[in-house]
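Worksheet for the structure shown next.
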Amino acid sequence: MTSRTATMTLEAFADTVIPGCKRFPDDPAICGVSDDPGAVEAGALTVLADPALGLTEALDGMAGLLNMHAGAYQRRTGAAVDPALPAFVALAFDDRTALVQELTDPAHAERDVWFGAALFCTMAFDCAPHKHTVEAMAEGHPGLRLLGYAPPGADGQWGFEHFSYGRALAPPHPDTTPSGSPR
Amino acid sequence: MSAVERTDVVIVGSGFGGAIAAYHLAAGGARVTVLERGPWLRGEEFDQDFLLGTSYTRIFDFTVGDGMSILGGNCVGGGSVVYFATMPRAPRFVFERRGSIGRRMWPAAITRDTLDPWYDVVGEALPITPQSWSDVPYAGGLFAAACAHSGRTANPSPSAIDKPKCTNCNWMMAGCRVDAKRSLLLNYLPAAQAHGATIRPLHEVQRLTRTSEGAYQVHYNLVDDSDYRISRPGGVIEAKLVVLAAGAGATPVILQRSEPDLGTMPAAVGRYFSGNGERLNTAVIDERRAREVLGLDRGDGRAYEAYQIGKGPCVANWDRLDGSLPEYSRYSLEQLYFPPGLGTVLAQVPGAAGPSWFGREKKEMLRRWRSWLTVFTMSEDDNEGVFGPPPPTGNAERIAQQMLGRGALRYRPTPNTLRGWAESDADVKNILERDGIAQVAPWTNDLVGAYTVHPLASCRIGDDPATSALDDRHELRGHPGIFVTDGSAVPGALTVNPALTIAALAERAAPGLIDAARQRGVEVTHGAPPLGGTRVRTPAVSRD
């Protein structure tokens, strides 16, 4: 297992979790089922490898395990694959998806591992935990941008001057106490 | 460290249970040491930043169990620093709950009426104030409008937020930079310090032992400031009285680990854990229908698109807080914000054809994130949680340097709990899918089990020794001089946010702590001045 193989395999996993567009025409890791960047370009591999999260040492092994599962999946389903690619990378997007569903099923023995990896890939996309958020916003981080996460003020802090419809929108419960609690 | 320090009282944990006990004991003249396993951050040290290692991950813990994961505070001030400061009182029927034990779960001495004066004290001290509709952010307004549209009521919730100071940034889980959130860092803890209490952060208590004189020795580790996986033996402090307030996910673990030295624990230590019956649904709002059906307009052309704006849950629906309904069918629904990061992965795509929590459709759901609205159910669960053998240190085997660990809690929801969740899911759907306002799906429980931000009842008060670890004065049965005043003492789910009830119980327990300390030779008196003014009269002190 080379680290390039492991990287490509884990990128393919991240692209299954939050799919993106290909970075270049022959990008094997990213299936390209989406029109804009996904977890890989959002920094999933950097997050997975962050020593703060505790998976760093396990990543090569995880990639090998994922390819082993993918090989078994391919033999079981007869899915057409490119033998030059790592087994998981060789799968089509829907097959990658089906395999990740199997691996994260409540009954699967390795569910914690693959859910943990999927959690970190999702976090890479939706909050960029490998970067200061102010910097991620300034760089146009693809996940925060897709969410429409509002930028901070000039001081780097968030706050919203306008925040309320400013009018009563429902009748209060009849058994509300003067202090505002249920009776 | 070989020398044993001595003090009058050691308090383990600095959240509501610990801070309130610390204040009353210190103000009465006792020497008090508070040991807190998390760091001590203040004001501008609270970052608005998702970067790993900032306050967002330093002060917050996510402990994965088998069937139940717990989110909680991990810092000086405990839950009060990371919570959303929503502070309703528990409804009257809660105190009459029987659960599955065939008798009233709460001690006979505690009813809503007897707890109300203590609620008043806390309300004055923090303080807690009502919210007007002008304080309610768009998300709460939208939920209220949808409740009204479906013939329901909705209330702005009382909160411990200084509204004029609040910037509605929704970074409350990372701590409040502008001190708008009235956490314990602004009231009970500095008051305790002013009376001489010492607070020691990054001190993680592992176990207690007893001396031949009947005092307790508290054994702690010192935790690394940034990598909580690293800890080293710290020392021992001897005290005449110990107050455990490490949180419902940690207090029973300390007692379990102490059992070989202290002797048999009550059967209810580490049992009857409640997740407060919590459940989340995420709705994706149809902006056009929000305008057409609910008549909402922000004044800038947008109907809503405001998930990010606000200060946590601000509006609640209390229609099912009806004491005449059968137990397990009563719950409140609260509009909630859950920031990006930990929770997003669990939100399911409404009506997904493929996988519901990841993949193509999840990305499309994220594209509409500004139009999300999360609804929080707090229901009556069945106290199903049981703690297994404790991990080597702390309450979890830490996976990440901060925030993420695996604990020993096992939780299998009973049909009662599942029914309550199903009824509330249907209710949320009925409110928000009516006339096409939104599409709704519950968060998945398949990946990390259920989850709670309000762990309770793992070392609870009660009158029945078989089903409660503590007597109605919060003293651990069979172990005089050990008290528990945190959420683990609450007998069961409250159907509302529990912080105010935990705090009121701690206030109610404080006179008893002082009595017990005096009986054990500590020079301490009653009568600490009430915090926050004199509008509320301190309830009469009980003297057994």
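Note that this is a predicted model, so its numbers are computed, not measured. Proteins come first, then strands; the chains are lettered A, B, ... in the order of their sequence lines, and each starts at number 1.
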Are the side chain of B:Glu287 and the backbone of B:Tyr304 linked by a donor-acceptor contact shorter than 3.5 Å?
yes
Can you list the residues of residues 114-140 of chain A that sit under 4.5 Å from chain B, counting heavy atoms only?
A:Phe115, A:Ala118, A:Leu119, A:Phe120, A:Thr122, A:Met123, A:Phe125, A:Asp126, A:Cys127, A:Pro129, A:His130, A:Lys131, A:His132, A:Thr133
Of all heavy-atom pairs between A:Val89 and A:Pro28, which one has the smallest distance, and what is that distance?
CG1-O, 3.3 Å
Max heavy-atom pair count under 4.5 Å with chain A, selected residue of B:Leu500, B:Val64, B:Val178, B:Asp297
B:Asp297
Say whether, by atom type as modelled, one donor and one acceptor occur between the side chain of A:Thr97 and the main chain of A:Phe93 under 3.5 angstrom.
yes
Contact class of B:Arg92 relative to chain A, heavy atoms under 4.5 angstrom
both
What residues form a salt bridge (Lys or Arg N to Asp or Glu O under 4.0 Å) with A:Arg75, not counting sequence neighbours?
none
Under 4.5 Å, counting heavy-atom pairs only, tell me which of A:Ala150, A:Gly166, A:Pro178 racks up the most with chain B.
A:Ala150
Identify which of B:Gln402, B:Arg298, B:Arg229, B:Lys362 forms the greatest number of heavy-atom pairs closer than 4.5 Å to chain A.
B:Arg229
Strictly by modelled atom types, are B:Arg177 and A:Gln157 linked by a side-chain donor-acceptor pair under 3.5 Å?
yes
Side chain, backbone, both or neither of A:Asp175 within contact of chain B (heavy atoms, under 4.5 Å):
neither
Are A:Glu110 and A:His69 linked by a side-chain donor-acceptor pair shorter than 3.5 Å?
yes
What one should report as the nearest heavy-atom pair of B:Pro355 and B:Ala352 is O-CB, 4.0 Å
Please classify the contact of B:Asp116 with chain A as side chain, backbone, both or neither, using a heavy-atom distance under 4.5 Å.
neither
Using only heavy-atom distances, determine whether the side chains of B:Asn497 and B:Glu334 contain a donor-acceptor pair under 3.5 Å.
yes
What option among B:Cys314, B:Ala154, B:Pro158 has the most heavy-atom pairs under 4.5 Å with chain A?
B:Ala154
Tell me, out of A:Ala98, A:Ala52, A:Pro174, who's got the most heavy-atom pairs with chain B below 4.5 Å.
A:Ala52
Option in B:Lys311, B:Gln131, B:Arg398, B:Arg112 with maximal non-hydrogen atom pairs under 4.5 Å from chain A
B:Arg112
Which bit of A:Asp15 is near chain B, if near means a heavy-atom gap under 4.5 Å: side chain, backbone, both or neither?
neither
Contact origin within B:Leu346 toward chain A - heavy atom pairs under 4.5 Å:
side chain
Winner by heavy-atom pair count (cut-off under 4.5 Å) against chain A, out of B:Met403, B:Arg368, B:Arg406:
B:Arg406
Is the gap between the ring centers of B:Tyr138 and A:Tyr165 under 6.0 Å?
yes
Return yes if a side-chain donor-acceptor contact under 3.5 Å exists between B:Tyr56 and B:Asp47, otherwise no.
no
Report the C-alpha distance between B:Tyr307 and B:Tyr337 in whole Å, list the side-chain angles of each, state the deciding distance to 0.1 Å, and finish with yes or no for ring-ring contact (aromatic ring centres under 6.0 Å, His included).
CA-CA 7 Å; B:Tyr307 187 49; B:Tyr337 172 74; 5.0 Å; yes
Over 60° means perpendicular and under 30° means parallel, so tell me whether B:Trp369 and A:Tyr149 are parallel, tilted or perpendicular.
tilted
Side chain from CB out, backbone as N, CA, C, O: work out which of these in A:Asp112 comes under 4.5 Å of a heavy atom of chain B, or both, or neither.
side chain
Counting only heavy atoms closer than 4.5 Å, note whether B:Leu404 contacts chain A via side chain, backbone, both or neither.
side chain
Donor-acceptor pairs under 3.5 Å, side chain of residues 144-151 of chain B to any protein atom, not counting sequence neighbours: which ones?
| unit_1 | atom_1 | unit_2 | atom_2 | d |
| --- | --- | --- | --- | --- |
| B:His149 | NE2 | B:Asp435 | OD2 | 2.6 |
| B:Ser150 | OG | B:Ala146 | O | 3.3 |
| B:Ser150 | OG | B:Cys147 | O | 2.9 |
| B:Ser150 | OG | B:Arg152 | NH1 | 2.9 |

Region of B:Asp135 in contact with chain A, defined by heavy-atom distances below 4.5 Å
backbone
Is the closest basic N to carboxylate O distance between B:Lys363 and A:Asp35 below 4.0 Å?
no
Heavy-atom distance under 4.5 Å to chain A: side chain of B:Tyr228, backbone, both or neither?
neither
Less than 3.5 Å apart, any donor N or O on the side chain of A:Thr177 or A:Ser179 sitting next to an acceptor on the other?
yes
Donor-acceptor pair, distance only, cut-off 3.5 Å: does the side chain of B:Glu361 make one with the backbone of B:Val349?
no
For B:Trp318, is it the side chain, the backbone, both or neither that has a heavy atom under 4.5 Å from a heavy atom of chain A?
both
Option in A:Ala39, A:Gly148, A:Gly38, A:Gly143 with maximal non-hydrogen atom pairs under 4.5 Å from chain B:
A:Gly148
Among B:Thr129, B:Val136, B:Leu321, residue most engaged with chain A (heavy-atom pairs, under 4.5 Å)
B:Val136
Tell me the salt bridge (Lys or Arg N to Asp or Glu O under 4.0 Å) pairs involving residues 20-34 of chain A, sequence neighbours left out?
A:Glu11-A:Arg23, A:Arg23-A:Asp27
Contacting moiety of A:Pro152, where chain B heavy atoms sit under 4.5 Å
neither
Bottom line for A:Arg111: the part with an atom under 4.5 Å from chain B's heavy atoms is side chain
Of the listed residues (A:Pro106, A:Ser164, A:Gly180, A:Pro171), which shares the most heavy-atom pairs with chain B below a 4.5 Å separation?
A:Ser164
Sort B:Trp357 into side chain, backbone, both or neither according to what part of it lies under 4.5 angstrom from a heavy atom of chain A.
side chain
Among A:Ser34, A:Gly156, A:Pro172, A:Gly20, which residue forms the greatest number of heavy-atom pairs with chain B at distances under 4.5 Å?
A:Pro172
When rounded to the nearest 0.5 angstrom, what distance separates CD1 in A:Ile30 from CD in A:Glu41?
5.5 Å
